[in-house]
Asker: 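Once you've had a glance at the structure underneath, I'll fire off some questions.
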Amino acid sequence: MTSHSVLVNRPAGRLASLNAEYHRVALGAFMVVVVAHWAEHLAQAAQVYVLGWPLPEARGVLGVPFPWLVTSEWMHYGYALLMLAGFLLLRTGFTGRARTWWNVALGIQVWHHFEHLLLLLQALTGAHLLGRPTPVSILQLAFPRMELHLFYNAVVFAPMVVAMIMHRRPRPAERSLMRCACAAQAG
């Protein structure tokens, strides 16, 4: 075996491990990141709708001590990219119906990522969509940003949770195709 083939095969081995013996741990870590992000959006919504804070002051939990987090398009894009990478990297560990639901979440995240890429490019270039004074995403032309991102996170999260539940409770045919130990023990 040449050194080139070792380097080429190594990432595939790590990816295979990620979707086999480390799949459950990786999914757990991914879910922690997703839930923490959700908490930030929900905290911001509570600050606006429950506490009556003006939107510029409603920055979620981390945004209160670190206001630049809320206004950083790099941070928002980085999270959208991290989510997309997580969906792609963990995808092959899913089988059957769980894979279908995971793919639905992935597809929605592809769009969400595109919207954040569009926002980032506008912030970097100063050329804003339709001459708007600030960067806007396509759907943000019709919906306020805070509510739109609550919606995006909900429509990505819902099929992701369905996929994870089905992955933990596979049908016998799906279980036989699994390479991980994520499924609850039959009994």
Side-chain angles (χ1 to χ4, degrees), residues 1 4-46 60-62 75-120 137-139 143 145-187:
M1 185 180 286
H4 174 71
S5 63
V6 170
L7 292 175
V8 171
N9 291 334
R10 179 169 273 165
R14 288 187 182 153
L15 185 57
S17 293
L18 185 66
N19 284 288
E21 61 262 29
Y22 300 114
H23 199 236
R24 188 175 185 148
V25 172
L27 284 173
F30 188 57
M31 187 59 100
V32 167
V33 171
V34 170
V35 169
H37 183 75
W38 245 121
E40 284 295 319
H41 280 283
L42 293 173
Q44 184 186 36
V61 176
L62 293 176
M75 192 274 308
H76 291 282
Y77 176 74
Y79 178 77
L81 186 60
L82 175 72
M83 285 288 295
L84 186 59
F87 278 117
L88 290 169
L89 289 171
L90 298 169
R91 182 176 176 269
T92 59
F94 288 87
T95 61
R97 300 166 303 144
R99 168 78 70 92
T100 300
W101 283 99
W102 193 258
N103 286 341
V104 168
L106 169 61
I108 298 166
Q109 184 58 31
V110 166
W111 174 259
H112 190 188
H113 169 264
F114 168 75
E115 292 262 281
H116 277 291
L117 178 60
L118 183 61
L119 289 165
L120 177 63
S137 66
I138 293 170
L139 289 182
F143 304 100
R145 183 170 179 155
M146 184 185 76
E147 290 82 355
L148 177 61
H149 281 85
L150 278 170
F151 172 76
Y152 275 147
N153 284 287
V155 297
V156 169
F157 188 69
M160 180 181 141
V161 169
V162 171
M164 292 178 87
I165 290 169
M166 289 184 169
H167 186 60
R168 294 265 304 135
R169 293 171 176 75
R171 292 179 176 158
E174 295 165 338
R175 183 184 295 267
S176 70
L177 297 171
M178 293 175 69
R179 294 175 292 152
C180 62
C182 294
Q185 296 300 319

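Throughout, numbering of the chain's residues begins at 1 and tracks the sequence. Predicted model, so just to flag it, every value in this text is computed and none were measured. Heavy-atom basis, side chains included; hydrogens, waters and symmetry copies ignored.
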Asker: So do Met160 and Leu106 actually touch side chain to side chain, heavy atoms under 4.5 Å?
Answerer: no
Asker: Find out whether His23 and Phe94 are in side-chain contact, i.e. whether some heavy atom of one side chain is under 4.5 Å from a heavy atom of the other.
Answerer: yes
Asker: Run the side chain to side chain contact (heavy atoms under 4.5 Å, CB included) test on Met83 and His112 for me, step by step, so that the C-alpha distance in whole Å, both residues' side-chain angles and the decisive distance to 0.1 Å come before the verdict.
Answerer: CA-CA 10 Å; Met83 285 288 295; His112 190 188; over 6 Å; no
Asker: To the nearest 0.5 Å, tell me how far Leu120 CG sits from Glu115 CD.
Answerer: 13.5 Å
Asker: Ala26 and Leu90: which non-hydrogen atoms are nearest, and at how many Å?
Answerer: CB-CD2, 3.5 Å
Asker: Counting C-beta onward and ignoring hydrogens, is there a side-chain heavy-atom pair between Leu27 and His167 closer than 4.5 Å?
Answerer: yes
Asker: How many angstroms lie between CE in Met164 and CZ in Arg169, if you round to the nearest 0.5 Å?
Answerer: 11.5 Å
Asker: Counting only heavy atoms from other residues, nucleotides and ligands, does the tally under 6.0 Å from OH of Tyr22 exceed 12?
Answerer: no
Asker: Say you draw a straight line from CG of Leu18 to OG1 of Thr92; how long is it, rounded to the nearest 0.5 Å?
Answerer: 7.5 Å
Asker: What heavy-atom pair brings Trp102 and Ala163 nearest, and what distance separates the two atoms?
Answerer: N-CB, 3.5 Å
Asker: Is it true that the side chains of Asn19 and Arg179 contain a donor and an acceptor less than 3.5 Å apart?
Answerer: no
Asker: Given Tyr152 and Gln109, is the side chain to side chain contact (heavy atoms under 4.5 Å, CB included) satisfied, shown in steps?
Answerer: CA-CA 8 Å; Tyr152 275 147; Gln109 184 58 31; over 6 Å; no
Asker: Using every non-hydrogen atom in the two residues, find where Ala154 and Pro159 come nearest and quote the distance to one decimal.
Answerer: O-CD, 4.5 Å
Asker: Under 4.5 Å between any side-chain heavy atoms of Arg171 and Arg97, yes or no?
Answerer: yes
Asker: Let me see the working for Leu89 and Phe30 under side chain to side chain contact (heavy atoms under 4.5 Å, CB included), right down to the final yes or no.
Answerer: CA-CA 11 Å; Leu89 289 171; Phe30 188 57; over 6 Å; no
Asker: Measure the shortest side-chain to side-chain distance between Phe87 and Val110 over non-hydrogen atoms and say whether it is less than 4.5 angstrom.
Answerer: no
Asker: Do Leu139 and Trp111 come within less than 4.5 Å of each other through their side chains, counting heavy atoms only?
Answerer: yes
Asker: If you measure only the distance, is there a donor-acceptor pair under 3.5 Å linking the side chains of His116 and His149?
Answerer: yes
Asker: Do any N or O atoms from the side chain of Arg168 and from the backbone of Cys182 form a donor-acceptor pair under 3.5 angstrom?
Answerer: yes
Asker: Please give me the minimum heavy-atom distance between Cys180 and Gly93, naming the atom from each residue.
Answerer: SG-O, 4.2 Å
Asker: With side chains defined as the heavy atoms from C-beta onward, is the minimum distance between Val33 and Tyr79 less than 4.5 Å?
Answerer: yes
Asker: Side chains of Met31 and Phe157: closer than 4.5 Å at any heavy-atom pair?
Answerer: yes
Asker: Look at the side chain of Thr95 and the backbone N and O of Met178, then say whether any donor-acceptor pair between them is shorter than 3.5 Å.
Answerer: no
Asker: Does the pair Leu119 and His76 meet the rule for a side chain to side chain contact (heavy atoms under 4.5 Å, CB included), with working shown?
Answerer: CA-CA 9 Å; Leu119 289 165; His76 291 282; over 6 Å; no
